[in-house]
Asks: 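Sharing a structure below in structure tokens format, with a few things to ask.
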2 protein chains.
Amino acid sequence: MALRYALLGLLSERPASGYDLAKAFEGELGSYAWHAGHNRIYPELARLVDEGLIEHADEGARGRRTYAVTEAGRTELRNWLLTPRTGGAVRNEPVLRLFLLSALDPEDARKVLRDIADDSERQIAELGEAMAGDTPVSPDGRLPFGWLAAGYGLRQYEASHDWARWALGELDKVARRSPPSHS
Amino acid sequence: MALRYALLGLLSERPASGYDLAKAFEGELGSYAWHAGHNRIYPELARLVDEGLIEHADEGARGRRTYAVTEAGRTELRNWLLTPRTGGAVRNEPVLRLFLLSALDPEDARKVLRDIADDSERQIAELGEAMAGDTPVSPDGRLPFGWLAAGYGLRQYEASHDWARWALGELDKVARRSPPSHS
DNA sequence: ACTTTACCTATCCAAATTGACATATCCATT
DNA sequence: AATGGATATGTCAATTTGGATAGGTAAAGT
């Protein structure tokens with residue numbers, strides 16, 4: 001039930017076709033928040049049109065059809081965003097991996113943690129570069145889509161990095177207290 | 001396809017019944033990483049037994065049946081954890097909300113951001129308390145389940161908190177540059 | 001002794017989701 | 001003019017999922 005709001009949100013930034021929307025889900029949005037392929041997008045767009053939350057806006061080349069949010073759609077999205085949801089659906093494989101890390105023996109866990117630390121470091125560098133410079137301005141007094149999200153991503157990666165290094169330290173502590181069996 | 005690994009992971013900590021496992025998913029594991037109800041757990045346990053990844057361990061009162069991981073299951077879990085997966089399934093409603101925040105006008109966005117800041121502050125206090133004290137030790141040289149995860153959660157909330165306050169600042173900046181229309 | 005509560009496993013069905021398949025157009029290169 | 005790649009929309013069967021429902025046992029309270 002969250003896909004529809006993702007679509008409404010994307011369309012509220014600017015009108016787009018199903019294809020455009022599918023592209024959007026391949027970026028950070030799809031990697032960190034919610035993913036959907038075109039096979040789910042097209043049917044959902046049809047439903048949204050039925051319900052009057054979006055409307056057919058334009059026709060382009062190759063059968064391209066762009067959609068735009070209606071006033072009703074904007075209201076629906078706003079209501080959803082302003083209603084604090086307790087316990088929305090969470091299904092996050094990367095985080096599940098972290099939860100299960102204790103199932104590995106310390107050596108293996110260390111390897112995974114080092115990978116996480118390296119990876120997050122890389123992402124931090126990338127995002128930091130992308131966010132360098134001044135706050136971008138939008139003519140309508142809003143921050144551009146993605147700017148806030150990028151800031152969030154950056155902080156998440158920093159947190160992951162910190163955590164991985166801390167966890168490595170914790171493993172070391174435990175190792176010192178109860179050294180490996182071959183001793 | 002990740003549920004099975006969650007189950008293998010939980011069972012590798014200690015043998016448990018389907019009921020126990022369902023309970024485990026109601027805690028932090030289910031809130032932040034992956035959720036499953038008993039209606040999915042029982043069939044999956046049956047499949048895992050079929051495939052020889054877990055085995056029937058014990059029979060208790062009230063028809064209680066506990067399962068334990070087999071050597072094959074342990075290997076399967078280890079392989080999964082050590083194989084860095086690019087783009088595992090992510091479906092995270094709370095984060096989606098953050099991505100869509102730019103769709104709100106600044107006033108509404110501020111309200112949401114303040115809620116996030118308040119909420120994360122509360123969570124930080126809770127988790128910080130839970131983690132106070134020394135690193136817990138396990139007899140087998142492993143960190144107990146949940147300790148690493150709790151550390152991760154704490155850092156995530158701190159990142160959320162930072163982010164929300166930063167985002168509020170960004171909104172202020174934009175507001176100063178292009179003041180509200182009623183001016 | 002009786003009742004309530006927690007424990008414990010199980011299945012059914014509608015809805016959601018995925019992966020694979022299908023089709024067609026436009027554009028750039030050769 | 002032919003080829004190939006990116007654009008673009010759709011469908012369908014098989015699986016996964018979630019909500020509801022069902023039925024039973026042990027322990028604890030009264």
Side-chain angles (χ1 to χ4, degrees), chain A residues 1-7 10-11 14-27 29-31 33-51 54-68 85-93 96, chain B residues 1-7 10-11 14-27 29-31 33-51 54-68 85-93 96:
Chain A
M1 284 296 86
L3 171 59
R4 60 173 30 206
Y5 297 104
L7 295 177
L10 289 170
L11 290 176
R14 77 174 61 88
S17 69
Y19 187 81
D20 296 334
L21 294 166
K23 279 286 164 84
F25 280 105
E26 273 163 26
L29 176 66
S31 301
W34 204 275
H35 185 263
H38 70 276
N39 51 347
R40 271 192 293 151
I41 291 172
Y42 289 115
E44 188 65 30
L45 284 174
R47 275 183 58 186
L48 288 169
V49 169
D50 278 353
E51 298 177 32
I54 63 175
E55 63 189 358
H56 189 96
D58 216 353
E59 194 107 5
R62 273 167 291 209
R64 175 193 175 88
R65 258 170 290 157
T66 56
Y67 296 91
R85 294 262 295 183
T86 46
V90 169
R91 203 173 301 167
N92 195 321
E93 202 175 296
L96 176 61
Chain B
M1 285 292 87
L3 171 59
R4 62 172 29 203
Y5 297 106
L7 295 176
L10 289 169
L11 290 175
R14 76 174 61 87
S17 68
Y19 188 81
D20 296 333
L21 294 166
K23 279 286 162 88
F25 280 106
E26 272 163 28
L29 176 67
S31 301
W34 204 275
H35 185 263
H38 67 274
N39 52 345
R40 273 188 292 154
I41 291 171
Y42 289 114
E44 188 66 30
L45 284 174
R47 275 184 56 186
L48 288 169
V49 170
D50 277 353
E51 297 175 32
I54 64 176
E55 63 189 0
H56 190 98
D58 215 354
E59 195 109 6
R62 274 166 294 204
R64 174 192 175 88
R65 258 170 290 154
T66 57
Y67 296 91
R85 294 263 294 182
T86 46
V90 169
R91 206 172 298 171
N92 195 320
E93 201 174 296
L96 176 61

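Throughout, protein chains are lettered first and strands after them, A, B, ... in sequence-line order, and every chain is numbered starting at 1. Being a predicted model, the structure only gives us computed values, none of them experimental.
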Asks: List, with names and distances, any nitrogen or oxygen atoms from the protein found under 3.5 Å away from nitrogen or oxygen atoms belonging to nucleotides 12-18 of chain C.
Replies:
residue : atom : partner : partner atom : Å
C:dT17  : O3'  : B:Arg91 : NH2          : 3.3
C:dT18  : OP1  : B:Arg91 : NH2          : 2.7
C:dT18  : OP2  : A:Arg40 : NE           : 2.5
C:dT18  : OP2  : A:Arg40 : NH1          : 3.4
C:dT18  : OP2  : A:Arg40 : NH2          : 2.5

Asks: Where is the tightest heavy-atom contact between A:Leu10 and A:Ala24, given as atom of each residue plus distance?
Replies: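 Shortest heavy-atom separation between A:Leu10 and A:Ala24 comes out as CD1-CB, 4.0 Å.
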Asks: How many angstroms lie between atom NE2 of B:His56 and atom OH of B:Tyr67, to the nearest 0.5 angstrom?
Replies: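 So the gap between those two atoms works out to 6.5 Å.
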Asks: Looking only at non-hydrogen atoms, find the nearest pair between A:Leu96 and B:Ala2 and report the distance.
Replies: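 What the structure gives for the nearest pair is CD2-O, 3.7 Å.
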Asks: Can you list every side chain to side chain donor-acceptor pair (under 3.5 Å) pair that touches residues 33-46 of chain B, not counting sequence neighbours?
Replies: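 As it turns out, the side chain to side chain donor-acceptor pair (under 3.5 Å) pairs with a partner in residues 33-46 of chain B, which skip direct neighbours, are B:Arg4-B:Glu44.
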Asks: Using only atom types and a distance under 3.5 Å, with no angle test, would you say the side chain of B:Thr66 pairs donor to acceptor with the backbone of B:Pro15?
Replies: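 It does not hold such a pair.
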Asks: Look up atom CG in A:Leu48 and atom CG in A:Leu11, then write down how far apart they are to the nearest 0.5 Å.
Replies: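 Atom-to-atom, A:Leu48:CG and A:Leu11:CG are 8.0 Å apart.
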Asks: Who passes ring pair (Phe, Tyr, Trp, His ring centres under 6.0 Å) against B:Tyr5, sequence neighbours left out?
Replies: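 Counting only residues at least two positions away or on another chain, B:Tyr5 forms a ring pair (Phe, Tyr, Trp, His ring centres under 6.0 Å) with B:Trp80.
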Asks: Reading DNA chain D 5' to 3', which nucleotide is the first, and which the last, to come under 4.0 Å of any heavy atom in chain A?
Replies: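 Answer, 5' to 3': D:dT7 to D:dG18.
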Asks: Under the side chain to side chain contact (heavy atoms under 4.5 Å, CB included) rule, collect the residues that match up with A:Glu26, sequence neighbours excluded.
Replies: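 A:Lys23.
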Asks: Which residues pass the side chain to side chain contact (heavy atoms under 4.5 Å, CB included) test with B:Arg62, sequence neighbours left out?
Replies: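 Counting only residues at least two positions away or on another chain, B:Arg62 forms no side chain to side chain contact (heavy atoms under 4.5 Å, CB included).
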Asks: Between the opening five pairs and the closing five pairs of the helix from C:dC8-D:dG23 to C:dT30-D:dA1, how far apart are the helix axes, to 10°?
Replies: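 The end axes of the helix from C:dC8-D:dG23 to C:dT30-D:dA1 are about 20° apart, to the nearest 10°.
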Asks: Anything under 3.5 Å between a protein N or O and an N or O of nucleotides 23-27 of chain C, put it in a table, one pair a line.
Replies:
residue : atom : partner : partner atom : Å
C:dC26  : O2   : A:Arg62 : NH1          : 3.4

Asks: Could you give the CZ-to-C1' distance, from B:Arg64 to C:dT9, as a whole number of Å?
Replies: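 Answer to the nearest Å: 12 Å.
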Asks: Would you say C:dT9 has OP1 or OP2 under 4.0 Å from some side-chain N or O of B:Tyr42?
Replies: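 Affirmative; the distance criterion is met.
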Asks: To the nearest Å, how far apart are B:Tyr67 OH and C:dC8 C1'?
Replies: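 About 11 Å, once rounded to whole Å.
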Asks: Taking only residues two or more places apart in sequence or in another chain, which ones pass side chain to side chain contact (heavy atoms under 4.5 Å, CB included) with B:Ala46?
Replies: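 Not a single residue meets the side chain to side chain contact (heavy atoms under 4.5 Å, CB included) criterion with B:Ala46.
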Asks: Taking salt bridge (Lys or Arg N to Asp or Glu O under 4.0 Å) as the definition, give me every residue that meets it alongside A:Arg64, ordered by chain and number, with sequence neighbours left out.
Replies: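 A:Arg64 satisfies salt bridge (Lys or Arg N to Asp or Glu O under 4.0 Å) with A:Asp20 once adjacent residues are dropped.
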Asks: Under the ring pair (Phe, Tyr, Trp, His ring centres under 6.0 Å) test, which residues partner B:Phe25, sequence neighbours left out?
Replies: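 So B:Phe25 forms no ring pair (Phe, Tyr, Trp, His ring centres under 6.0 Å) with any residue.
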Asks: Would you please confirm or rule out a distance under 4.0 Å between OP1 or OP2 of C:dC7 and any side-chain N or O of B:Lys23?
Replies: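 Affirmative; the distance criterion is met.
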Asks: Nearest 0.5 Å, what's the CG-CD1 distance between B:Leu7 and B:Ile41?
Replies: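 With rounding to 0.5 Å, CG (B:Leu7) is 6.0 Å from CD1 (B:Ile41).
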